[in-house]
Amino acid sequence: MAGGIKKFVVGCFDDEHVLFPAVKNVRKAGYKIHDVYTPFPVHGLDHAMGLRETSIHTAGFIYGITGTTTALSCISWILTKDWPLNIGGKPHFSLPAWIPITFELTVLFAAVGMVLTFCYLCQLSPFVKKHHFHARATDDLFVMAIECTDKTNDAEVQAFLQNAGAKEVNVQNAETGWWIGRYDREQKLYRDDEKGY
Amino acid sequence: MSLLKYESQIREPLVDGNKDYHQVTEDIIRPIEMKPSRLWYIGFWISVGLLLFGVYSIYREVTYGIGQWNLNKTIGWGWDITNFVWWVGIGHAGTLISAILLLFRQGWRTGVNRAAEAMTIFAVMCAGQFPIWHMGRVWMAFFVLPYPNTRGPLWVNFNSPLLWDVFAISTYFTVSLLFWYSGLLPDLATVRDRAKTKLRKLLYGVASFGWTGSTKHWQRHESLSLVLAGLSTPLVLSVHTIVSFDFATSVVPGWHTTIFPPYFVAGAIFSGFAMVQTLMIILRKVFALEDYITLGHIEAMNKVIVLTGSIVGIAYITELFIAWYGQNPYEWYAFKENRANLFSPYGWSYWLMMFCNVVSPQMFWVKKLRRNVAFTFFMSIIVNIGMWYERFVIIVTSTYRDYLPSSWSTYYSPSVYEIGFYLGTFGLFFTCFFLFAKYFPVIAVAEIKSVLKTTGESYKRKMTDIEKADAEKFYIEEVEHAH
């Protein structure tokens, strides 16, 4: 559950047009960006950070196909094998009449499956708590967290971020994973005097 | 998404009033943090009152049976199925705005999509009530679901349009809910992070699922929204197509027509947009959101109304023409005598429908009227009445006289409990909507922020300043270089 306590240098930017070159420069300088938190989707930021393209749509396609197969196989088994019913002398295997339900189930499976996958991949669920580097990251600040290693000189990284245009720079020790918790509690998962965070 | 970045020189900004990101958050989230106004309480308690009346009407219906509704020998689908089709239709505009306009890269949808999606969900909740209570023995409602049961191999009939409805409506509700809620997560996180009280932090903390705004999450979220939009687009068309099949696959004169699916879908969008207008005009006034739901938004929606209204008009005329051209005496009788004849028992409802749906929206060709808020509000009500009458005309005028004169019914008028049920769904709808407007961001905050700079005046001004500064710097450098 808990991903471990690490040390981060955090820089807050107030404009995405300053953020972009900063992300590029930070990567060029060889620092490791833990994540960038933005109040809205900034297009192209994932590419600038070098993130892999998401394949959630592929998952959606697979779920959709599952829905189609489920509907078709289930209905044909029911209406031709398990309980063949004579409806106005029409053939038992009357595919055109099954298209609406098949379509609906395709959409249903794809949508529900994708949303659950999305929540799973992003670790989103009620009562999940994650560390916040800055409370305004969901309001108007673009917050970049750079992960520090034993060799990193935080002062140097802070100066670097300030040069790149960050309005506010600080160092935080933070839990990287998620845990069951509530945002109304100031919960500390670690003690500052603990060894090696 | 990249196309959203394109900025036309002649296009008016989507958000008025030189906002920055924080100002957007403030404007939209402040109403949630304040105590609701007196007007809110009055509206809310009126809605709750209507809802209770509806509950009582349903209690009567369940206790004493469908007879409580004054349905008679041939009119078996009086007000309740009229209301069902009407409410489903209302719902369609929400999905249209959030899904189809997302696929078409219409930036203006961001101002209205959240409230419209909420409207969809509440409207479908109201719609779903009608067929369920219409079943009469409602405790048997689960019979419509296919499952291996203990009553022998008794399955539902997958060839029946009424079963298609079950699947269509439930899928539509589920997908709309998922679409709406996944879009809400980032905004709920914004509310949570601004929250001052413990209770609010707890509730929004639970509701926001621990959203942080990580880039990877946004990337997946964008992808998810796009695919859900791609799925909802055919879904929304299919739902009303299937609802129209309830009629079109029967052999009742006036129902058995192939034009029904596109005609119903256009009508649904038409009435849905009218309802969005009604709600948005109230919302922007009550919550002072004129900067976000601008005249440009209202005009854009009025353009959709005039388009779909015209499609509906063409459909009415085509239907009438084909009834005559098709040479089916029963069909032609249904149209000529039951509907178009003003002096037949229900002739008035046909011409009321014609006036509200075909004539009145044509006024929106005039730009001045399209951008007039009061007129738009008035028209939105007219269109909703007209579209209610469209469903009433289809159901009642087709069934009160069909093949056998011996089964021709007398004039049908609804009972107080049937009207009460309809008012009750209004109560349900507005109770939900009032609660939504109080506890959720009525405008998609994150989405507004993402289109703010592509259209905001303040951004334009800032950009020109930067350009000016750059030009000056360049000039100075050039001069220095020359020396």
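Since this is a predicted model, take the numbers as computed values, not measurements. In what follows, every heavy atom counts, from backbone to side chain, and hydrogens, waters and symmetry copies are set aside. Below, read A as the first sequence line, B as the second, and so on, with proteins coming before strands; counting in each chain starts at 1.
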> Could you tell me which portion of B:P146 (side chain, backbone, both or neither) has an atom closer than 4.5 angstrom to a non-hydrogen atom of chain A?
neither

> B:S223 side chain to B:R220 main-chain N or O, any donor-acceptor pair under 3.5 Å?
no

> Given that the side chain runs from C-beta out, which part of B:L202 has a heavy atom under 4.5 Å from chain A: side chain, backbone, both or neither?
both

> Can you tell me which portion of A:L108 sits under 4.5 Å from chain B's heavy atoms? Options are side chain, backbone, both or neither.
both

> Parallel, tilted or perpendicular: which describes the rings of B:Y181 and B:F209, with under 30° parallel and over 60° perpendicular?
tilted

> Taking side chain as everything from C-beta outward and backbone as N, CA, C, O, which of these in A:Q123 sits under 4.5 Å from a heavy atom of chain B? Side chain, backbone, both or neither.
backbone

> Does any heavy atom of chain B fall under 4.5 Å from the side chain of A:S125, the backbone, both, or neither of them?
backbone

> For the residue pair B:W218 and B:H221, categorise the inter-ring angle as parallel (less than 30°), tilted (30 to 60°) or perpendicular (more than 60°).
perpendicular

> Is it the case that the side chain of B:W164 and the backbone of B:V239 share a donor-acceptor pair, with hydrogens and angles ignored and the cut-off at 3.5 Å?
no

> Measure A:L121 against the heavy atoms of chain B and call it side chain, backbone, both or neither at under 4.5 Å.
both

> Kindly assign one of parallel, tilted or perpendicular to the pair B:W211 and B:H217, based on the angle between their ring planes and the thresholds 30° and 60°.
tilted

> Let me know if A:L45 has heavy atoms under 4.5 Å from chain B in its side chain, its backbone, both or neither.
both

> Under 4.5 Å, heavy atom to heavy atom, which residues of residues 166-175 of chain B contact chain A?
B:F167, B:A168, B:T171, B:T174, B:V175

> Can you check whether B:V156's main-chain N or O pairs, donor with acceptor, with A:W83's side chain at less than 3.5 Å?
no

> Relative to each other, are the rings of B:F264 and B:F260 parallel, tilted or perpendicular (30° and 60° limits)?
tilted

> Tell me whether B:T190 contacts the main-chain N or O of B:P186 through its side chain, where contact means a donor paired with an acceptor under 3.5 Å.
yes

> Given 3.5 Å as the limit, does a donor-acceptor pair link the side chain of B:H92 with the main chain of B:V236, or not?
yes

> So for A:D139, is it side chain, backbone, both, or neither that comes closer than 4.5 Å to the heavy atoms of chain B?
both

> Flag the one option from B:T197, B:D187, B:T215 with the top tally of heavy-atom pairs under 4.5 Å to chain A.
B:T215

> If you count heavy-atom pairs under 4.5 Å between each of A:I56, A:I87, A:V115 and chain B, which one has the most?
A:V115

> Can you tell which of B:G205, B:A195, B:P234, B:G230 has the highest number of heavy-atom pairs within less than 4.5 Å of chain A?
B:P234

> Centroid-to-centroid, A:F40 to A:F142, below 6.0 Å?
yes

> Taking non-hydrogen atoms and a cut-off under 4.5 angstrom, which of residues 58-77 of chain A neighbour chain B?
A:I75, A:W77

> Looking at A:W98, A:F103, A:F133, which makes the most heavy-atom pairs under 4.5 Å with chain B?
A:F103

> Between B:N157 and chain A, which part of the residue has a heavy atom less than 4.5 Å away: side chain, backbone, both or neither?
side chain

> Report the C-alpha distance between B:E447 and B:R109 in whole Å, list the side-chain angles of each, state the deciding distance to 0.1 Å, and finish with yes or no for salt bridge (Lys or Arg N to Asp or Glu O under 4.0 Å).
CA-CA 9 Å; B:E447 289 185 44; B:R109 61 176 275 286; 3.1 Å; yes

> For chain A, which of B:L228, B:L199, B:T212 has the most heavy-atom pairs under 4.5 Å?
B:T212

> What's the verdict on side-chain hydrogen bond (donor to acceptor under 3.5 Å, both in side chains) for B:T25 and B:K449, showing C-alpha distance, side-chain angles and the deciding distance?
CA-CA 9 Å; B:T25 319; B:K449 284 176 190 162; 3.0 Å; yes

> Name the option with the most non-hydrogen atom pairs under 4.5 Å to chain B; the candidates are A:D35, A:V36, A:I78, A:L51.
A:I78

> With chain B, which of A:A137, A:S55, A:A111 has the greatest number of heavy-atom pairs at distances under 4.5 Å?
A:A111

> Is the backbone N or O of A:C148 less than 3.5 Å from a side-chain atom of A:Y31, with the two atoms forming a donor-acceptor pair by type?
no

> With a 4.5 angstrom heavy-atom cut-off, which part of A:M114 approaches chain B: side chain, backbone, both or neither?
both

> By a 4.5 Å heavy-atom criterion (distance strictly below it), what part of A:V112 contacts chain B: side chain, backbone, both, or neither?
both

> Using the side-chain hydrogen bond (donor to acceptor under 3.5 Å, both in side chains) rule, pick out the option among A:K7, A:H132, A:H131 that qualifies with A:Q172.
A:H131

> Would you say the side-chain atoms of A:E104 pair up with the backbone N or O of B:D165, donor to acceptor, closer than 3.5 Å?
no

> Taking A:L79's backbone N and O only, do any of them form a donor-acceptor pair with A:H92's side chain (distance below 3.5 Å, no angle check)?
no

> Please round to the nearest 0.5 Å and tell me the distance separating atom CG of B:L235 and atom OG1 of B:T241.
10.5 Å

> Just say parallel, tilted or perpendicular for the rings of A:H34 and A:F8, cut-offs at 30° and 60°.
tilted

